Trainee: 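The structure under discussion is supplied below as structure tokens; questions concerning it will follow.
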Amino acid sequence: MSKTRIYKIYLQLLKKYGLANKFWKKWCQIKKTKGDKEEILIGAILTQRTNWKNVELALKNLKEAKVLSIKKIYQLGNQRLLKSLIRPAGFYQQKAKRLFLLCRFIVTNYGSLEKFFEKDLEICRKQLLALYGIGPETADSILLYAGQKPIFVIDEYTRRFVKKYNLAKKFSYDFLQKLFQENLPKDVKIYQNFHALIVLDGKNEKH
DNA sequence: ACCCAGGTGGCCC
DNA sequence: GGGCCACATGGG
């Protein structure tokens, strides 16, 4: 593939910041957490329309209550305890329901997250999108970062990035996802790192 | 006392 | 297909 404009911009960001996973590893060290696949999946729900700082507070509560896992949340049910633990993340009644339904889906249909991710990307995506409270961004975050599957995540940071560099005039989810995927090598690590760098760069600009 | 932040579903037209 | 609204907390 010849290097497209988007790919060149990615390489510039890479030169400027380096690999984004080192920031993730550092975050895990600071927060004393494993940052494993199940935590990524839970965080993907909690971070909907919410500052990551607030998500951290909710994750901390779940961890301290020793229920930061899919099976534990499923056992908890959509109940008061779960709601109170994730309260700092905002929209907590809705998010408790969404989390519970997602965890129930994984446990009762597959038994484990690993088994679920053994299915093809398209099947996983379709099944996630069929769940209440999971739209394209949440589904794709789970698939890319927890499932290591090659699908590009579009979010508010990505849209600001597209506007900043004048990469498109349309901003619908499917259109932008196609734009990135057609202009980059199909590579999980590149998708993960690029999206993480877009977020990093977006946060950097504000200060 | 405002204003903002990695969305989604349910309306309505 | 799009526009508007509800959902809620913590931090500036």
Side-chain angles (χ1 to χ4, degrees), chain A residues 10 13 17 20-21 23-24 27-28 31 33 35 37-65 78-105 125-147 149 151-164 167-181 188 191-207:
Chain A
Y10 166 65
L13 284 179
Y17 294 104
N21 67 3
F23 293 94
W24 172 247
W27 180 84
C28 290
K31 303 297 173 188
T33 177
K37 293 170 195 289
E38 299 203 4
E39 183 175 337
I40 292 169
L41 174 138
I42 292 161
I45 297 280
L46 294 177
T47 197
Q48 290 173 344
R49 194 65 201 177
T50 298
N51 193 311
W52 182 253
K53 286 276 180 228
N54 288 12
V55 176
E56 284 183 0
L57 297 173
L59 288 173
K60 186 161 165 274
N61 287 345
L62 292 169
K63 187 179 161 64
E64 283 172 2
N78 180 20
Q79 301 297 328
R80 268 211 321 283
L81 177 57
L82 178 59
K83 289 178 184 174
S84 68
L85 293 172
I86 67 168
R87 192 182 156 95
F91 303 126
Y92 62 92
Q93 310 231 36
Q94 286 201 359
K95 285 177 181 174
K97 181 180 173 187
R98 293 172 182 190
L99 257 184
F100 168 67
L101 291 174
L102 173 58
C103 293
R104 186 181 70 175
F105 164 78
R125 190 168 197 264
K126 203 173 163 191
Q127 294 192 340
L128 287 175
L129 288 176
L131 291 169
Y132 175 81
I134 299 198
E137 184 189 328
T138 308
D140 291 342
S141 297
I142 291 169
L143 293 169
L144 178 63
Y145 287 108
K149 292 183 183 289
I151 188 136
F152 203 88
V153 176
I154 305 299
D155 58 13
E156 269 311 298
Y157 285 99
T158 319
R159 290 201 170 84
R160 278 179 226 147
F161 175 84
V162 167
K163 285 172 187 163
K164 177 181 167 187
L167 297 172
K169 291 193 163 61
K170 285 162 54 179
F171 303 97
S172 77
Y173 194 94
D174 292 345
F175 178 81
L176 289 181
Q177 183 171 61
K178 204 175 279 182
L179 178 73
F180 277 88
Q181 293 187 169
V188 170
Y191 287 3
Q192 287 179 342
N193 200 41
F194 195 178
H195 179 255
L197 289 175
I198 287 171
V199 173
L200 200 59
D201 197 49
K203 289 188 181 194
N204 214 19
E205 269 206 350
K206 280 201 262 180
H207 309 305

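The chains referred to below are lettered A, B, ... by the order of the sequence lines, with proteins before strands, and numbering in each begins at 1. Bear in mind the structure is a predicted one, so any value in this text is a computation, not a measurement. Scope of the values below: all heavy atoms of this structure, side chains included, with no hydrogens, waters or symmetry mates.
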Trainee: For the C1' atoms, the ones on B/dA1 and on C/dG10, what distance do you get once it is rounded to whole angstrom?
Mentor: 15 Å

Trainee: I want to verify a distance call: between B/dG7, B/dG10, C/dG10, whose nearest atom is closest to the A/Leu57 side chain?
Mentor: C/dG10

Trainee: Decide if atom NZ of A/Lys37 counts as having more than 12 heavy atoms of other residues, nucleotides or ligands within a radius under 6.0 Å.
Mentor: yes

Trainee: To the nearest Å, how far apart are A/Gln94 CD and C/dT9 P?
Mentor: 13 Å

Trainee: To the nearest Å, give me how far apart CD1 (A/Ile45) and C1' (C/dC7) are.
Mentor: 15 Å

Trainee: Can you tell me the distance, in whole Å, between the CH2 atom of A/Trp24 and the C1' atom of B/dG6?
Mentor: 13 Å

Trainee: Starting the side chain at C-beta, find the nucleotide from B/dG6, C/dA8, B/dT8 nearest to A/Gln93.
Mentor: C/dA8

Trainee: Any chance the rings of A/Phe180 and A/Phe194 have centres within less than 6.0 Å?
Mentor: yes

Trainee: Between atom NZ of A/Lys169 and atom NZ of A/Lys163, what is the distance when rounded to the nearest 0.5 Å?
Mentor: 13.5 Å

Trainee: Using a cut-off of 4.0 Å on non-hydrogen atoms, how would the nucleic acid contact of A/Leu131 be classed: base, sugar-phosphate, or nothing?
Mentor: sugar-phosphate

Trainee: Between A/Tyr92 and C/dA8, is there a contact of a side-chain N or O with OP1 or OP2 at under 4.0 Å?
Mentor: no

Trainee: Name the residue closer to the 5' end of DNA chain C, choosing between A/Ser172 and A/Arg87 according to the nucleotide with the nearest heavy atom.
Mentor: A/Ser172

Trainee: Looking only at side-chain atoms of A/Thr138, point me to the closest of B/dT8, B/dG10, C/dA8.
Mentor: B/dT8

Trainee: Where the side chain of A/Asn54 is concerned, which of C/dC7, C/dT9, B/dA5 is the nearest nucleotide?
Mentor: C/dT9

Trainee: Heavy atoms only, 4.0 Å cut-off, all strands: where does A/Phe91 land among base, sugar-phosphate and nothing?
Mentor: base

Trainee: Find the distance between CD1 (A/Ile142) and CD1 (A/Ile134) and round it off to the nearest 0.5 Å.
Mentor: 4.5 Å

Trainee: Determine the contact category for A/Glu156: base if any of its heavy atoms lies under 4.0 Å from a base atom, sugar-phosphate if only primed atoms, P, OP1 or OP2 are that close, otherwise nothing.
Mentor: sugar-phosphate

Trainee: Can you tell me the distance, in whole Å, between the CZ atom of A/Arg49 and the C1' atom of B/dG7?
Mentor: 8 Å

Trainee: A/Arg159 near the nucleic acid: base, sugar-phosphate alone, or nothing, with a heavy-atom cut-off under 4.0 Å?
Mentor: nothing

